[in-house]
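First comes the structure, then the notes that go with it.
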Amino acid sequence: MINKITDLGISNTEAKELLKVSKDIETDYKKLLNRYPIQYLIGYVNFYGYQINVNENVLIPRYETEYLVEKTINLSKKLFNDKVKILDVGTGSGAIAISLSKNLNSEVTASDISEECLNLAKQNSINNETKIEFIKSDIFQNINGKYDIIISNPPYIDYNEEIMDSVYNYEPHLALFAEDSGLYFYKKILSECKKYLNDKFLIAFEIGYQQSKSIIEFARTIFKTEKIITEKDLSGKDRYIFIISE
């Protein structure tokens with residue numbers, strides 16, 4: 001069976017993990033033939049060294065987002081000497097918030113509009129022994145206080161953009177698509193975030209690879225003198241934007 005699964009383009013590691021946890025491998029295999037994500041069948045992923053439970057209510061964390069976490073950790077250590085306050089906007093499974101909490105001297109708040117996401121993220125936080133405040137909020141609607149770091153991997157796919165069937169058919173559209181050519185949430189966060197930031201701050205975004213120019217142009221209308229950095233993913237595509245006030 002493992003060869004049949006890997007013949008579908010699934011890694012040997014994931015195939016072995018599914019065989020280990022599956023209660024009905026034949027049924028699971030039929031789902032895989034229909035491009036159902038193996039991560040949902042396994043029930044968890046490894047993200048930045050931590051086990052993060054996933055289900056159909058949350059976006060499956062990608063390796064690109066691990067690099068958002070890594071780059072944010074490195075920048076945070078350069079910028080801040082003391083304990084940092086972090087807000088993760090649109091936390092989903094909680095993967096980003098948990099990874100930052102485990103690797104930085106920090107106080108982490110994570111928000112999401114979805115109750116189902118928050119319930120799973122809370123369980124992931126407990127499983128990984130982190131203390132994170134979870135808030136149900138539409139962006140900043142129920143957020144108070146000020147933060148040193150605001151981080152987000154928001155929905156950024158244009159409604160007209162073609163994506164893989166396995167993603168479109170099974171992952172939550174709430175976490176995938178955004179209006180305004182996929183830019184809606186970046187503009188919303190950038191427009192409203194100033195009053196939630198300390199004087200010295202870091203904003204960290206994962207972005208669509210064709211969105212950097214538009215996001216930077218919009219960000220510059222609000223953050224006129226702050227440093228804005230674009231970083232590439234492992235494929236050499238623009239994937240991260242960092243806005244820094246020192």
Side-chain angles (χ1 to χ4, degrees), residues 1-71 88 90-100 102-103 112 114 116-117 119-121 123-128 153-178 182 206-210 231-240:
M1 178 58 80
I2 195 164
N3 290 334
K4 289 171 72 175
I5 296 173
T6 55
D7 284 346
L8 299 175
I10 291 165
S11 72
N12 194 62
T13 301
E14 287 180 316
K16 285 182 178 177
E17 204 66 22
L18 179 60
L19 286 169
K20 185 166 47 171
V21 302
S22 177
K23 293 183 172 67
D24 184 350
I25 194 61
E26 292 295 338
T27 298
D28 287 345
Y29 179 69
K30 288 176 184 175
K31 287 185 176 181
L32 293 175
L33 289 174
N34 287 318
R35 299 177 183 266
Y36 188 82
I38 191 170
Q39 295 90 344
Y40 289 152
L41 292 175
I42 294 170
Y44 52 84
V45 297
N46 181 291
F47 182 89
Y48 210 70
Y50 308 107
Q51 183 172 304
I52 303 294
N53 291 345
V54 293
N55 59 35
E56 289 185 7
N57 293 310
V58 299
L59 193 72
I60 298 164
R62 266 68 169 180
Y63 75 89
E64 290 96 345
T65 308
E66 290 185 306
Y67 286 91
L68 173 68
V69 167
E70 185 172 297
K71 291 172 187 293
D88 175 24
T91 195
S93 64
I96 291 174
I98 289 164
S99 302
L100 293 178
K102 297 288 275 189
N103 287 275
D112 207 286
S114 164
E116 291 82 6
C117 285
N119 288 337
L120 184 64
Q123 190 58 55
N124 280 327
S125 177
I126 292 168
N127 294 347
N128 284 282
N153 177 23
Y156 58 70
I157 299 173
D158 182 5
Y159 281 100
N160 295 320
E161 186 176 335
E162 289 188 14
I163 60 174
M164 292 186 297
D165 289 345
S166 60
V167 178
Y168 185 86
N169 292 335
Y170 300 110
E171 295 196 56
H173 288 196
L174 187 68
L176 292 169
F177 297 101
E206 182 175 327
I207 65 170
Y209 72 93
Q210 295 178 309
E231 296 270 4
K232 298 185 184 299
D233 61 19
L234 290 179
S235 303
K237 296 177 179 178
D238 289 349
R239 186 65 64 184
Y240 317 102

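The two residues Ile2 and Asn12 make their nearest non-hydrogen contact at CD1-OD1, 3.6 Å. Closest heavy-atom contact between Pro61 and Ala95: CG-CB, 4.1 Å. Across all their heavy atoms, Leu41 and Lys31 have their closest contact at CD2-CD, 3.8 Å. Residues Pro172 and Leu59 approach most closely at CG-N, 3.8 Å, considering heavy atoms. Between Tyr240 and Ile207, the closest heavy-atom pair is N-CG1, 3.9 Å. A pairwise comparison of heavy atoms in Cys117 and Val58 identifies SG-CG1, 3.6 Å as the closest pair.
Between Tyr209 atom OH and Ser235 atom OG the span is 10.5 Å, to the nearest 0.5 Å. Here CD1 of Ile25 is found 4.5 Å from CG of Leu19. Values are rounded to the nearest 0.5 Å. Taking CG of Asp88 as the start and CG of Leu100 as the end, the distance is 7.0 Å to the nearest 0.5 Å. Taking OH from Tyr159 and CG from Leu176, the interatomic distance works out to 9.5 Å, rounded to the nearest 0.5 Å. Expressed to the nearest 0.5 Å, how far OH of Tyr36 lies from CG of Asp28 amounts to 9.0 Å. Annotation: the span from Tyr63 atom OH to Leu234 atom CG amounts to 6.0 Å, rounded to 0.5 Å.
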Can you give me every donor-acceptor pair (side chain of residues 162-169, partner residue at least two apart or in another chain, under 3.5 Å) with its distance?
| residue | atom | partner | partner atom | Å |
| --- | --- | --- | --- | --- |
| Asn169 | ND2 | Asp165 | O | 3.3 |

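Looking only at side-chain heavy atoms (C-beta outward), Leu18 and Ile10 stay at 4.5 Å or farther from each other. When side chains are defined from C-beta on, Tyr29 counts as touching Met1, because their heavy atoms get closer than 4.5 Å.
Ionic pairing of Arg62 and Glu171 is present here: one or more N-O contacts between side-chain nitrogen and carboxylate oxygen are shorter than 4.0 angstrom.
By the 30° and 60° cut-offs, the orientation of the rings of Tyr50 relative to Tyr48 is tilted.
Under a cut-off of 6.0 angstrom, the local environment of CG in Leu174 is sparse, with at most 12 non-hydrogen atoms contributed by other residues, nucleotides or ligands. Atom OH of Tyr44 has more than 12 neighbouring heavy atoms from other residues, nucleotides or ligands inside a 6.0 Å radius.
Partners of Lys23 by salt bridge (Lys or Arg N to Asp or Glu O under 4.0 Å), not counting sequence neighbours: none found. Lys71 is linked by a salt bridge (Lys or Arg N to Asp or Glu O under 4.0 Å) to Glu231, counting only residues two or more places apart in sequence or in another chain.
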| request: Go through the steps to decide whether Glu14 and Ile42 satisfy the test side chain to side chain contact (heavy atoms under 4.5 Å, CB included), and finish with yes or no. | output: CA-CA 8 Å; Glu14 287 180 316; Ile42 294 170; 4.3 Å; yes

| request: Would you check, one step at a time, whether the test side chain to side chain contact (heavy atoms under 4.5 Å, CB included) holds for Tyr170 with Gln39? | output: CA-CA 11 Å; Tyr170 300 110; Gln39 295 90 344; over 6 Å; no

| Worked verdict on Asn128 versus Ile52 for side chain to side chain contact (heavy atoms under 4.5 Å, CB included) | CA-CA 8 Å; Asn128 284 282; Ile52 303 294; 4.0 Å; yes

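The backbone N or O of Gly92 sits less than 3.5 Å from a side-chain atom of Asp112, completing a donor-acceptor pair. Looking only at distances, a side-chain donor or acceptor of Asn124 sits under 3.5 Å from a matching main-chain atom of Ser93.
No hydrogens or angles considered: nothing links the side chains of Glu161 and Tyr156 as a donor-acceptor pair under 3.5 Å. Side-chain N/O atoms of Asn119 and Gln123 include no donor and acceptor closer than 3.5 Å.
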